[in-house]
Amino acid sequence: MEKWSAATIRDFRKTLLAWYDDEGRDLPWRHGRNPYHTWISEVMLQQTQVNTVIPYYQNFLATFPTVTDLANAEEPTLLKAWQGLGYYSRARNLQRAARQLVDDYHGEWPRTAAELEDLVGIGPYTASAIASIAFDQVVPAVDGNAFRVFARLLMIDDDIAKPKTRQLFTEIIQPIVDPQRPGAFNQAIMDLGSSYMTAKNPDPGHSPVKEFDASYRAGRVLDFPVKTKAPRPKSMPYYGLVIHSPAGYLMVQRGAQEMLTGYWSFPLVLQADLHTENPDATLADDVAEITRRWASDYQIPLDLAVVGGQPVSHTYTHQRWHVKLLTADLPTVPSLEFLPGKWVPAAEIAALPLPKVQEKMMARFAKQQDLPLFE
DNA sequence: CATACGTGGTA
DNA sequence: TTACCAAGTAT
């Protein structure tokens, strides 16, 4: 691993910031220095690419212009504004933190990374990003870009998948951050990481800091950073129930203890929950069991038919869902006294906050039934 | 510390 | 299709 002298550090800052001033990206959240704007952009950018974020950022600020607007927002409005961005707890945590700011901080922003971390949804990276960009605190914002850039520049071979490694990088980068322009320094590293120093197709030979790049000199750019691979997603067979009555389609809201919390979908039944004692159950067995349960648990009689085609598949970071659609068309409207759902006319479904898998189920159902889409 | 948590893009 | 990547955090 490389060590830089004080002179090298000064030289690096100068080279990096000159490039950033000349070639840094003009992004919507880089206009002005509003901590609310920085905060929203940083949370949206967690595990999400810039091009995806831009339209969401514009719409979000138009919908919730201030911390107070966000604190007072209706949850469905909030979830709808976040629909499609993923990692939906970010949206709910954003509102919780907005309420912390209003209630506990009386709208006065904490200005240091250590204090910002007390806000829910703000971890070490986001706290440092806000503190440096909005309040000029001299701290490194250690995200995936910083890991990748400095792992290569200094040939650091610690595994960045290990939580402990963050501390090492923070200590290494801290003395390199430009004390005059910490926010610009951190954003310059991000721009470097998403241009000349990408994970898969880097162009280190044209990087503005190639003279400082030990991995490039060694011809080993792609050996850094070191990162252990994630396990493959677990396969999860589901049944998706498309239940229609004269009042519309039956929709249920995802609960606080499950993923996609607060979003709406057709009722989903995990195949593994049906026959814990019979791993050899057939499709007919599963349909019979679902019918039995809906009659006894919800007092709703179903005459289920199998919807043709391959199961709807949807992959998450840790799960791969395969959803077989079943449908029932009821002649009258059953009471939902025993089931936490609601009947929604086809044309009104799209107004609900919906996860991607629900959009896929609707598209598949419409196609198989030769229906117009749910709009 | 390891795992849960979404979606879209690329090879 | 599979695998992996993209400005991480909470538990």
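Here is how names work: the chains are called A, B, and so on, in the same order as the sequence lines, proteins then strands, and each is numbered from 1.
Counting only heavy atoms from C-beta outward, the side chains of A:Ser195 and A:Trp19 approach each other to under 4.5 Å. Within the 4.5 Å cutoff, the side chain of A:Leu45 has heavy atoms near those of the A:Trp29 side chain. No side-chain heavy atom of A:Leu330 sits less than 4.5 Å from a side-chain heavy atom of A:Pro301. Residues A:Gln180 and A:Leu17 form no side-chain contact, since every pair of their non-hydrogen atoms from C-beta on lies 4.5 Å or further apart. For the pair A:Glu2/A:Phe212, no side-chain contact is recorded, criterion being any heavy-atom separation below 4.5 Å from C-beta on.
Residue A:Leu85 is classed as a base contact, given a heavy-atom separation below 4.0 Å to a base. As judged by a 4.0 angstrom heavy-atom cut-off over every strand, A:Val53 is placed among residues making no nucleic acid contact. When heavy atoms are screened at a 4.0 angstrom cut-off, A:Arg92 is found touching no nucleic acid atom at all. Across all strands, A:Trp82 comes closer than 4.0 Å to no nucleic acid atom at all (heavy-atom distances). Base engagement by A:Leu27 is indicated by at least one non-hydrogen atom pair under 4.0 Å involving a base atom. Among the atoms of the strands shown, only primed sugar atoms or phosphate atoms (P, OP1, OP2) are found under 4.0 Å from some heavy atom of A:Ala199. A:Met259 comes within 4.0 angstrom of sugar-phosphate atoms only, judged by non-hydrogen atoms across all strands, and of no base. Residue A:Arg30 is in base contact, counting any heavy-atom pair closer than 4.0 Å across all strands shown.
Atom C1' of C:dT9 sits at a distance of 15 Å from the matching atom of B:dC1, rounded to the whole Å. As rounded to the nearest Å, C:dT11 and B:dT7 have C1' atoms that lie 23 Å from one another. Nucleotides B:dG6 and C:dC5, compared at atom C1', are 14 Å apart to the nearest Å. Nucleotides B:dC5 and C:dA6, compared at atom P, are 23 Å apart to the nearest Å.
Between the side chain of A:Arg25 and the base of C:dA7, at least one donor-acceptor pair of N or O atoms lies under 3.5 Å.
A:Thr112 and A:Glu115 share a side-chain donor-acceptor pair at under 3.5 Å. Checking A:Asp159 against A:Thr228 by side-chain atom types alone, a donor-acceptor pair falls below 3.5 Å. Side chains of A:Gln46 and A:Arg90: no donor on one and acceptor on the other come within 3.5 Å. Side-chain polar atoms of A:Thr8 and A:Asp11 form no donor-acceptor pair below 3.5 angstrom.
Nucleotide C:dA6 holds its P atom 14 Å from the CG atom of A:Asp191, rounded to whole Å. The interatomic distance linking A:Lys162 (NZ) with C:dT9 (P) rounds to 19 Å, in whole Å. One atom, CD of A:Gln319, and another, C1' of B:dT3, lie 11 Å apart when rounded to the nearest Å. Going from atom CZ of A:Phe224 over to atom C1' of C:dC5 covers 19 Å, rounded to whole Å. Note: CG (A:Asn93) to C1' (C:dT11) measures 12 Å, nearest angstrom. Regarding A:Tyr87, its OH atom lies at a distance of 10 Å from the C1' atom of C:dA6, rounded to whole Å. Between A:Gln257 atom CD and C:dT11 atom P there is a gap of 11 Å when expressed in whole angstrom units. Spacing between atom CD of A:Gln167 and atom C1' of C:dG8 amounts to 16 Å, rounded to whole angstrom units.
Between A:Thr126 and C:dT9 there is a side-chain N or O to OP1 or OP2 distance below 4.0 Å. Residue A:Arg232 places none of its side-chain N or O atoms closer than 4.0 Å to OP1 or OP2 of C:dC4. The side chain of A:His318 contributes no N or O atom lying less than 4.0 Å from OP1 or OP2 of B:dA4.
Within residues 40-47 of chain A, the residues having any heavy atom under 4.0 Å from DNA chain C are, by residue number, A:Glu42, A:Leu45, A:Gln46, A:Gln47. Residues from residues 139-159 of chain A that place a heavy atom under 4.0 Å from any atom of DNA chain C, listed by number: A:Asp143, A:Gly144, A:Asn145, A:Arg148.
The heavy-atom pair separating A:Arg33 from A:Ala134 by the smallest distance is NH2-O, 3.8 Å.
If you look at A:Tyr88 and A:Tyr263, their ring centroids are closer than 6.0 Å.
Nearest nucleotide to the side chain of A:Pro355, out of B:dG6, C:dA7, B:dT7: B:dT7. Each of B:dG6, C:dA10, B:dT7 was ranked by its minimum atom distance to the side chain of A:Thr317; first place goes to B:dG6.
Annotation: of the two residues near DNA chain B, A:Thr315 and A:Ala161, the 5′-most nearest-nucleotide partner is A:Ala161.
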Listing time: all N or O pairs from protein to nucleotides 8-11 of chain B that are below 3.5 Å?
from  : atom 1 : to       : atom 2 : distance (Å)
B:dG8 : OP1    : A:Lys356 : NZ     : 3.4

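Under a hydrophobic clustering in which Ile, Leu, Val, Met, Phe, Trp and Tyr are joined whenever their side-chain heavy atoms come within less than 4.5 Å, directly or via other members, A:Leu352 and A:Phe374 fall into the same cluster.
A side-chain contact (heavy atoms from CB on, under 4.5 Å) with A:Leu274 is found for one member of A:Val269, A:Val287, A:Asp285 and no other, namely A:Val269.
No salt bridge links A:Arg293 with A:Asp273; every basic N to acidic carboxylate O contact stays at or beyond 4.0 Å.
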